Structures are given as structure tokens and as C-alpha cells.
Amino acid sequence: MSASASDRPSPVEFSSTDPEAVRAFLDAAYGARLQVHALAPGESITHCRYEVGAFTLDRMTLAADITYRSEPQQPLLVSCLQGRGCWLEHSRRRASERFGPGDVLLISQPDDPCIGRVSHARLRTVGLPPGSLAAAAAAAGLPEGPVRFTDSRPVSPDLAGYWKRAVGFVTAEITTHVEVAAQPLVVSGLTRLLATAALTAFPNTSTHHHGPAAPKLRDATPATVRRAVAFIDSHPDADIGLAEMAEAAHVSPRALQHAFRRHMDTTPTGYLRRVRLAHAHQDLLDAAPGSGVTVTSVAGRWGFAHQGRFAASYRAAYGRTPQQTLRAT
């Protein structure tokens with residue numbers, strides 16, 4: 001299934017020098033109570049949002065002071081501050097911290113009120129639904145239940161950099177490869193990438209307070225692999241991840257991973273990529289001259305967001321580039 005032009009993510013942009021207009025817009029965009037302090041003559045606040053499936057990517061430039069207070073039922077919001085001299089004061093659970101240029105912080109999560117103030121900054125903010133975090137935790141074989149983040153700062157500077165790189169990659173895919181970014185399998189993959197990055201970068205009740213449960217090695221059998229393979233082979237174009245594969249095989253995610261490594265020398269997601277690559281290969285072979293089929297559209301349909309990696313995997317599997325296959329048809 002290909003995406004129409006109306007399905008493709010496009011930015012929603014806003015700019016104003018009117019404090020009341022800014023307050024009303026940001027209240028609606030973030031569901032938080034905001035107080036916008038006076039803007040100097042000629043200053044403005046600009047905001048650009050990409051809504052991509054279940055997550056959002058925001059770029060905001062604040063030439064002003066804003067005080068905020070989060071409301072219940074917020075999505076997870078993670079921001080990176082940019083701009084010389086910018087600062088942000090953030091308070092949650094009676095603990096207050098100050099952030100500056102280059103810092104990454106978790107601004108809000110569901111049912112966890114917070115307040116803060118930000119001044120003259122550029123913010124790059126990701127909004128993630130709670131369900132994506134629970135799914136990412138389950139896929140990693142972590143304890144079930146709601147994921148709660150226990151600190152606003154990343155675990156380490158290295159993991160702060162990891163978060164920034166993940167957001168940079170997703171942003172580039174969304175803004176550069178618009179056709180690919182509209183494909184459902186690509187969007188679900190990018191959502192899982194961001195959710196996994198958040199779980200890795202920030203202290204939380206799943207990854208940093210508990211160790212993953214040990215897999216039941218008695219479940220790592222050929223029969224487990226056969227059940228998972230049958231499920232994958234019959235659902236190659238569905239939005240499935242490790243959790244769904246494990247459920248179909250009636251084992252835990254970690255047990256399924258162990259079974260695939262033991263009996264197939266790969267991972268469940270690696271096998272899924274192999275199956276989808278084979279379908280992409282067949283689509284390229286079946287493309288009729290003049291049909292408008294492109295390598296980009298085929299890759300996106302089968303969940304391959306990064307064109308360079310798709311081409312490298314394709315060449316390794318079939319001995320030629322996707323473009324050579326398409327031209328040969």
C-alpha cells in the first residue's frame with residue numbers, strides 16, 4: 001500500500017508577536033498552562049511541528065520568557081536546548097534543576113505534574129505516546145507495566161548524545177525522504193527507535209531499576225522458531241515487532257531472541273527484515289515500465305527508511321543494486 005500526497009507528513013507552522021496568541025497556540029499544542037511574558041518590539045515566537053503517526057517532532061524558537069505547568073495525561077516530551085545564553089528551570093516532585101545550551105531534558109510524562117520557565121531558547125522537542133514506551137520495553141524483554149521515568153536528565157553525557165543522534169536521524173528521514181516517511185511500516189519503525197532511545201537514555205523503572213528477566217531456555221526450541229517464522233511469513237506487511245512475534249510463538253521476547261540465535265543464527269527482527277527485503281525485491285522485479293514505481297517507494301513500503309542501508313542490504317543479498325533491478329524490468 002502506497003501513501004497518497006495527503007498522507008505525507010507536512011509541517012504545521014506558527015509565528016506571532018502577540019503574547020496572547022502565542023499562549024493560546026502553545027496551550028493547544030502541548031495541553032499545558034502557559035504564561036507568556038511580554039515580547040520586546042520585533043521579537044516573535046515561531047513553532048514548527050511534524051505529526052508523524054503517533055509521535056511529534058517540534059522546532060520552536062522563543063524570543064521571550066515562558067512559564068509552563070504541565071497537565072495530566074501529557075505525552076512524554078523530551079527537549080534539547082539550543083542557543084547561546086538560553087536557560088530553562090524545571091521543577092518536578094519538589095526538585096528543581098537548571099538546564100543550559102546543549103542540554104537534553106525530559107520535560108513531562110503522563111500523570112507527573114511539573115512546572116518550569118524557559119528564556120530565549122531554541123527547543124527541539126519529541127512527543128511520544130505512553131503506549132510506544134510500553135511496547136519498546138516489552139520488545140526488550142523488560143518487566144511489564146507502565147514505564148515511569150525517574151529523572152529529567154539522561155543517564156550520562158554519552159547517552160544524551162545517543163538521544164540527539166536518534167532524533168537527528170528521525171528528523172532527517174521525516175524532512176528529507178517525505179515519501180518514505182509516509183509509509184506505515186517506516187513510521188512504526190521510527191516510533192520504536194525513538195521509544196527505545198528514550199528508555200536507554202533516561203533513568204526509568206524498566207531499564208534502570210530492574211534487570212531483564214532471564215529467558216526460559218526450555219522455550220528456545222525449533223518449534224518456537226517455526227511458529228514465529230510462520231507468523232512473520234504470513235504478516236510481512238503488518239506493523240509487527242518483537243512483542244507480537246513472541247506472542248504468536250507463545251514465549252517471552254527474550255526466549256524468542258535466544259531461539260533464533262540458537263537455531264537460525266539471526267534475530268527475529270533480522271529475519272523479518274530478510275523477509276521484507278525479499279518482498280521488496282519481488283516488487284522491483286514486477287514493476288511495469290512507466291508505472292511510476294521507484295526504489296524509494298518500494299523501500300518505504302517494506303519499512304526501509306534509510307535508502308543507503310536498503311541499497312547495501314539489497315546488493316549483499318542479490319548481487320546488484322535496487323536501481324539495476326528496476327531498470328532491468
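Keep in mind that this is a model prediction, so the values were computed, not measured.
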Would you check if [X] and [Y] make a side-chain contact, meaning some heavy-atom pair closer than 4.5 Å?
X: L277; Y: F304; result: yes
X: V229; Y: R226; result: no
X: H90; Y: I107; result: yes
X: I174; Y: L57; result: yes
X: V52; Y: T56; result: no
X: D283; Y: V293; result: no
X: W87; Y: V118; result: no
X: F149; Y: T205; result: no

Open item on the list: Checking side-chain polar atoms at under 3.5 Å, does R273 have a donor or acceptor matched by the opposite partner on S313?
Closed with: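 Per modelled atom types, R273 and S313 side chains form no pair under 3.5 Å.
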
Task: Polar side chain donor-acceptor pair, H281 to Y314, under 3.5 angstrom - done: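 Yes, a side-chain donor-acceptor pair sits under 3.5 Å.
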
State the [atom1]-[atom2] distance between [X] and [Y], to the nearest 0.5 angstrom.
X: R153; Y: L106; atom1: CZ; atom2: CG; answer: 12.5 Å
X: T171; Y: K164; atom1: OG1; atom2: NZ; answer: 13.5 Å
X: L62; Y: S44; atom1: CG; atom2: OG; answer: 10.0 Å
X: H250; Y: T224; atom1: NE2; atom2: OG1; answer: 9.0 Å
X: F14; Y: T46; atom1: CZ; atom2: OG1; answer: 9.5 Å

Open item on the list: Please enumerate all residues that pass salt bridge (charged side-chain N to carboxylate O under 4.0 Å, His left out) together with R192, with sequence neighbours excluded.
Closed with: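 Salt bridge (charged side-chain N to carboxylate O under 4.0 Å, His left out) check on R192 returns D239.
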
Task: Residues in salt bridge (charged side-chain N to carboxylate O under 4.0 Å, His left out) contact with R98, at least two apart in sequence or another chain - done: E89

- [ ] Scan residues 225-245 for pairs that pass ring pair (Phe, Tyr, Trp, His ring centres under 6.0 Å), counting only residues two or more places apart or in two chains.
- [x] F231-H235

[X] side-chain N/O to [Y] backbone N/O, donor-acceptor pair under 3.5 Å:
X: T176; Y: E173; value: no
X: S297; Y: T294; value: yes
X: R227; Y: A249; value: yes
X: T191; Y: V187; value: yes

- [ ] Decide, yes or no, whether a salt bridge links R261 with D265 under the criterion of side-chain N to carboxylate O below 4.0 Å.
- [x] no

TODO: Classify the angle between the aromatic ring planes of H279 and W302 as parallel (below 30°), tilted (30 to 60°) or perpendicular (above 60°).
DONE: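 Parallel.
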
Open item on the list: Does the plane of the ring in Y271 sit parallel, tilted or perpendicular to the ring in F260? Use 30° and 60° as the thresholds.
Closed with: tilted

TODO: Tell me whether the guanidinium CZ or amine NZ of R309 lies under 6.0 angstrom from the six-membered ring centre of F169 and within 45° of its axis.
DONE: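 Checked: cation-pi criterion met.
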
Open item on the list: Does the Lys NZ or Arg CZ of R49 fall within the cation-pi geometry relative to Y30 - under 6.0 Å from the ring centre and within 45° of the axis?
Closed with: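 Because its charged atom sits under 6.0 Å from the ring centre and within 45° of the axis, R49 does stack over Y30.
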
TODO: Would you mind telling me which of D103, T125, D58 makes a side chain to side chain donor-acceptor pair (under 3.5 Å) with S79?
DONE: T125

Task: Residues, nucleotides or ligands: over 12 heavy atoms within 6.0 Å of Q82 CD - done: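 Above 12, so yes.
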
Open item on the list: Take a 6.0 Å sphere around CZ of R59 and say whether it holds more than 12 heavy atoms from other residues, nucleotides or ligands.
Closed with: no

